[in-house]
Amino acid sequence: MTVGVMLPAGDTGGATNLVEELLRQTRQARDAGVGSVWFSQLFDHDAITLAALAGREVPGIAVGTAAVPLYPRHPLVLASLAQTAQAATGGRFTLGVGLGVQTLLEPAYGVDYPPPIGHLRESLTVLRQVLRGEQPRFTGRTVTARPPLPTAVPGGGDVRLIVAAMGTQALRAAGELADGTVTYLAGPRSLEEHIVPQLCRAAARAGRPQPRVVAAVPAVVTDDVEVVRQTAAVHLGAYASLPSYRKVLAREGVAHPAELALVGDEATVAAGIRRYFDAGATEVVVIHAGMRSARERLRTWALAGELTAAADLRPAAVAGVGGGR
């Protein structure tokens, strides 16, 4: 059980070169004792490229994406990028993919959004074949992959593949065809009662190993709790209107995503993180830690490093974390 961090974390607005700034922050995460750094994907930077650079520049730290939309990239393109990142980092890369948000992606790219679950399954099938070193020969309804030349990258094998999945059908696909899931704004109740059971049952039926459950959790260690909660309400407000997130919020029994943010001193945030592990998460990734300031980001990352060092996150192990701050 480890605690990682997500980049960008919210405090890169003044950067003159985003890549250099995120590499600098990756080094800060490593120095804080954090075991993994994950990169989000929107319309600006490329998450896989950043993960490859960060893993290459900062030895020892695991890197990943959470998550690259499958639309509109062909799975052969994603597999090529992922294997390259794996080779560049010496085997420390995890490819996190997802369906993305149709209402954002389709207008941006001007290409019809495919039937989501069918496209997810077909894309994962091709990705899994290539990442296992096989030469794909696949023809589906939304994906065709019949490359005439080799697709394997020497040194780039054994890429771990996880899926941003929280709905039942997506979780089944992730359990059957990938190595696990990465969740966002799914609280402990959603993990314990819905996500983990669905995912594990699907993996077991498919004869797959126990899946990874990576929970991305908004968290800020701060003394200004009310101010940061107000900032979180603005920062996370857009997700309240998206159907996929409304479902997990309803399952969790909260009205607004900001209610899931872990905000407070070290003991408060550590206790909140432990609830995710108790609910079945195998890894927690702290996100939006710098939504208000770099100082709070670094303080939060220091806690993440201490929790990772504690390893088992037993109550006795975290009781004194951050003491005296």
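Note that the numbering runs from 1 along the sequence shown for the chain.
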Task: pair T26-F39: side-chain heavy atoms closer than 4.5 Å - done: yes

- [ ] Begin with the C-alpha distance, continue with both residues' side-chain angles, and end with the deciding distance and a verdict on side-chain contact (heavy atoms from CB on, under 4.5 Å) for V182 and V163.
- [x] CA-CA 6 Å; V182 53; V163 182; over 6 Å; no

Task: Closest contact, heavy atoms only, V37 versus A29 - done: CG2-CB, 3.8 Å

TODO: Find the distance between CG (L242) and CD (Q102) and round it off to the nearest 0.5 Å.
DONE: 12.0 Å

TODO: Look at R229 together with D224 and state whether they make a salt bridge at an N to O cut-off of under 4.0 Å.
DONE: no

Task: Backbone of R189 reached by a side-chain donor or acceptor of E252 within 3.5 Å - done: yes

TODO: Look up atom CG in D278 and atom CG in L191, then write down how far apart they are to the nearest 0.5 Å.
DONE: 11.0 Å

Open item on the list: Between T12 (side chain only) and P8 (backbone N and O only), is there a donor and an acceptor less than 3.5 Å apart?
Closed with: no

Task: Side chain proximity check, F93 to T65, heavy atoms < 4.5 angstrom - done: yes

Identify every side-chain donor-acceptor pair in residues 143-153 under 3.5 Å, counting partners at least two apart or on other chains, and give the distances.
residue: T151; atom: OG1; partner: Q135; partner atom: OE1; Å: 3.2

Open item on the list: What I want to find out is whether R24 reaches E21 closely enough, with some N-O distance under 4.0 Å, to be called a salt bridge.
Closed with: yes

TODO: Compute both the distance and the angle, then confirm whether R297 meets the cation-pi test with W301: under 6.0 Å from the six-membered ring centre, within 45 degrees of the axis.
DONE: yes

Task: Where V126 and L76 come nearest, the two heavy atoms and their spacing - done: CG1-CD2, 4.1 Å

TODO: Hey, could you give me the OG1/NZ distance between T168 and K247, rounded to the nearest 0.5 Å?
DONE: 8.5 Å

Task: Set of residues satisfying side-chain hydrogen bond (donor to acceptor under 3.5 Å, both in side chains) with respect to R92, sequence neighbours excluded - done: none

Task: Side-chain touch L105/V101, heavy atoms, less than 4.5 angstrom - done: no

Open item on the list: If I compare all heavy atoms of T89 with all of A51, which pair ends up nearest, and what's the gap?
Closed with: CG2-O, 3.9 Å

TODO: Indicate yes or no: at least one non-hydrogen side-chain atom of L161 is less than 4.5 angstrom from one of V97.
DONE: yes

Task: From R132 atom CZ to L127 atom CG, the distance as rounded to the nearest 0.5 Å - done: 11.5 Å

Open item on the list: Any heavy-atom pair between the side chains of P114 and Y71 that's under 4.5 Å?
Closed with: yes

Open item on the list: Taking the side chain as everything from C-beta on, heavy atoms only, tell me whether V286 gets closer than 4.5 Å to V220.
Closed with: no

Open item on the list: Looking at S40, is its backbone amide N or carbonyl O close enough to the side chain of H45 to form a donor-acceptor pair, meaning the two atoms are under 3.5 Å apart?
Closed with: yes

Open item on the list: Looking at every heavy atom in both L236 and P218, which two are closest together, and how far apart are they?
Closed with: CD1-CG, 4.1 Å

TODO: Identify the heavy atoms of L99 and P116 that sit nearest to each other, and give their distance.
DONE: CD2-O, 3.2 Å

- [ ] Could you tell me which non-hydrogen atom of A67 sits nearest to which non-hydrogen atom of G98, and how far apart they are?
- [x] CB-N, 4.1 Å

- [ ] May I ask you to decide if A238's main-chain N or O and S241's side chain share a donor-acceptor pair within less than 3.5 Å?
- [x] yes

Open item on the list: Closer than 3.5 angstrom, by distance alone: can the side chain of D179 be matched with the main-chain N or O of R160 as a donor-acceptor pair?
Closed with: no

Open item on the list: Keeping Q86 on the side-chain end and D158 on the backbone end, is there a donor-acceptor pair under 3.5 Å?
Closed with: yes

Open item on the list: Strictly distance-based, threshold 3.5 Å: is any side-chain N or O of T2 a donor or acceptor partner for the main-chain N or O of G35?
Closed with: no

Open item on the list: Salt bridge or not between E57 and R27? Use side-chain N to carboxylate O under 4.0 Å.
Closed with: yes

Task: Side-chain donor/acceptor of R251 to backbone N/O of S190, under 3.5 Å - done: no

TODO: Answer whether the closest heavy-atom distance between the side chains of Y184 and I287 falls below 4.5 Å.
DONE: yes

Task: Under 3.5 Å donor-acceptor, E259 side chain and H256 backbone - done: yes

Open item on the list: Starting from M291, can I reach V3 by hopping between I/L/V/M/F/W/Y residues whose side chains sit under 4.5 Å apart?
Closed with: no

TODO: Measure the spacing between CG of L7 and CD of Q25 and express it to the nearest 0.5 Å.
DONE: 5.5 Å

Open item on the list: Checking R73 now: which residues fulfil side-chain contact (heavy atoms from CB on, under 4.5 Å) with it, not counting sequence neighbours?
Closed with: Q41, D46, I48, V68, L78, L81

- [ ] Would you check if the side chain of T181 reaches a backbone N or O of A164 as a donor-acceptor pair within less than 3.5 Å?
- [x] no

Task: Qualifying residue, where the test is side-chain hydrogen bond (donor to acceptor under 3.5 Å, both in side chains) with T222 and the options are R299, E296, R295 - done: E296

Open item on the list: With a 4.5 Å cut-off on side-chain heavy atoms, are T125 and F138 touching?
Closed with: yes

Task: Atom pair CD (Q169) and CD1 (I117), whose distance is rounded to the nearest 0.5 Å - done: 5.0 Å

- [ ] Identify whether the distance between the nearest side-chain nitrogen and carboxylate oxygen of E176 and R208 falls below 4.0 Å.
- [x] no

